[in-house]
Structures are given as structure tokens and as C-alpha cells.
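Reckoned from all heavy atoms, side chains included, excluding hydrogens, waters and symmetry mates. This chain uses plain numbering: 1 for the first residue, then up along the sequence. All ligand and atom numbering here is 1-based and tracks the order in the structure.
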Amino acid sequence: MADARLVVLISGNGSNLQAIINAAASGVLRAQVVLVVSNRRDAYGLQRAEKAGIPTRYFPLKPYRDAGRAREEYDWDLAQVVNAHAPDLVVLAGWMHILSPVFLNDVSARVLNLHPALPGRYPGMDVVRHAYEAFQRREIDHTGVMVHEAVPEVDAGPVIAQEEVPIYSQDTLEELEARVHETEHRLLVEAIRSVLT
Ligand code: GRF
């Protein structure tokens, strides 16, 4: 059986992309990353992909905005960019652009998203900081990570995998972020593996 074809969408550092690249290289994932797309030129994840010899595409929204073109046109064109690489699975790994139904309906493969909180918790930005502050207010005693099927609603959709992440009273925000990322790197690879098999 040929390796599954993954297209990964990123916007930043790309540590989760790196976890996928490493898992594919070691054979933990019977897959290959065939394209990495970023909507930010300065995303370090693009350099990670180039170092691994993976094709990359910088695909910003700004030219559409500047031309007065609708977001849906961007999403449609983005789906064509992805579809051109015949993916078996699309993974949103730190992709910071809300995808409309136009993308989700037109892309030719399932789309998984990674969210650094448990289902229904802290959709959107600054997720780990929100959890950290809620812990300080004694509203929660743990946080978590989830991988879910992408739907138009932000950070929602059928859950593929989830895991709790402890928070300790002496934690700094950075320590909690590091623990969340560690869990993400492992859970995302497990989730991709479960979907592919
Ligand atoms: C991850 O925590 C992801 O859950 C969130 O953005 C972060 C991206 O991290 N949406 P990285 O770029 O993979 O290091």
C-alpha cells in the first residue's frame, strides 16, 4: 500500500508539522507530507518543510483583500492549491485562518484540526493563556488537547482524539505551553494514524 499523501496547513513555528515529518520519516506514520501551505511568509514551519525537502506554498489572504475580493474566493482557490496535490488527508496544524464552507466543501479530502484545549473549550486565539488564567481563578484544574474533524464552526466538529493536560500550581504560562505542545505532538500523530488506518 502506497504511503498516504498529507497536505499540512500552518501559520507559525510548525512544531506540530515537525512531529508529523519526524513520524513519517521514522515510519510511525505510513504517510508522506506532499505540500505545506502557509498564509504567513515568515512562518518558521516553511523552513522546516524546506529542510525536509517538502514542497511549500505561501498563500496570503492580503492580495484578495487588497483587490476587494471575497474571503470565499481565497478559500476556493486555496482548496484548488491543496487538491492539486491529491491529498488523502489535510491537517490544520497551527493554521490561523477560519476556513469557510467553500473550502471544506471543495477540498478533496478529510480535514483535521488541532486545538490546544478540550472540546468546547476556548475556541479561537490565546487558548493556553485563557486556560492558564482560568486555573489561576480556580475555575479549572486541568486543560487538554483535541484533534477534530474541521467544520465551519471554529474549533468544533467531531472529535478524533483528545487528552487531558495537568496544570500545576507552580506552573508558569511557558511551562504549561510546553506541556500542551508535547501532548499535541504525540496526539496529532496518533490521530492521523487512526484516521489513515
Ligand atoms: C498549536 O498549539 C495549535 O494547537 C494552535 O497553534 C499552535 C501551533 O503550534 N492552533 P506550532 O506552529 O505547530 O508549533
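Ion pairing between a basic and an acidic side chain is recognised when a charged N comes within 4.0 Å of a carboxylate O; Asp88 and Arg30 show no such pairing.
For the pair Leu9 and Phe59, the minimum side-chain heavy-atom distance is 4.5 Å or more. Side-chain atoms of Val147 and Asn113, non-hydrogen and from C-beta on, never get closer than 4.5 Å to each other.
Phe103 has its ring centre no less than 6.0 Å from the ring centre of Tyr74.
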Pair up each side-chain donor or acceptor in residues 188-197 with any protein partner under 3.5 Å, not counting sequence neighbours, and list the distances.
| unit_1 | atom_1 | unit_2 | atom_2 | d |
| --- | --- | --- | --- | --- |
| Arg193 | NE | Val28 | O | 3.1 |
| Ser194 | OG | Ala191 | O | 2.8 |
| Thr197 | OG1 | Arg193 | O | 2.8 |
| Thr197 | OG1 | Ser194 | O | 3.2 |

When you check ligand 1 against the protein, what N or O pairs turn up below 3.5 Å? List the atom names and distances, or just say none.
| unit_1 | atom_1 | unit_2 | atom_2 | d |
| --- | --- | --- | --- | --- |
| ligand 1 | 2 (O) | Glu184 | OE1 | 3.0 |
| ligand 1 | 2 (O) | Glu184 | OE2 | 3.0 |
| ligand 1 | 4 (O) | Glu184 | OE2 | 2.4 |
| ligand 1 | 12 (O) | Asn13 | N | 3.4 |
| ligand 1 | 12 (O) | Gly14 | N | 2.8 |
| ligand 1 | 13 (O) | Ser15 | N | 3.3 |
| ligand 1 | 13 (O) | Asn16 | N | 2.9 |
| ligand 1 | 13 (O) | Asn16 | ND2 | 2.8 |
| ligand 1 | 14 (O) | Ser15 | N | 2.9 |
| ligand 1 | 14 (O) | Ser15 | OG | 2.5 |

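No side-chain donor from either of Ser11 and His97 sits under 3.5 Å from a side-chain acceptor of the other.
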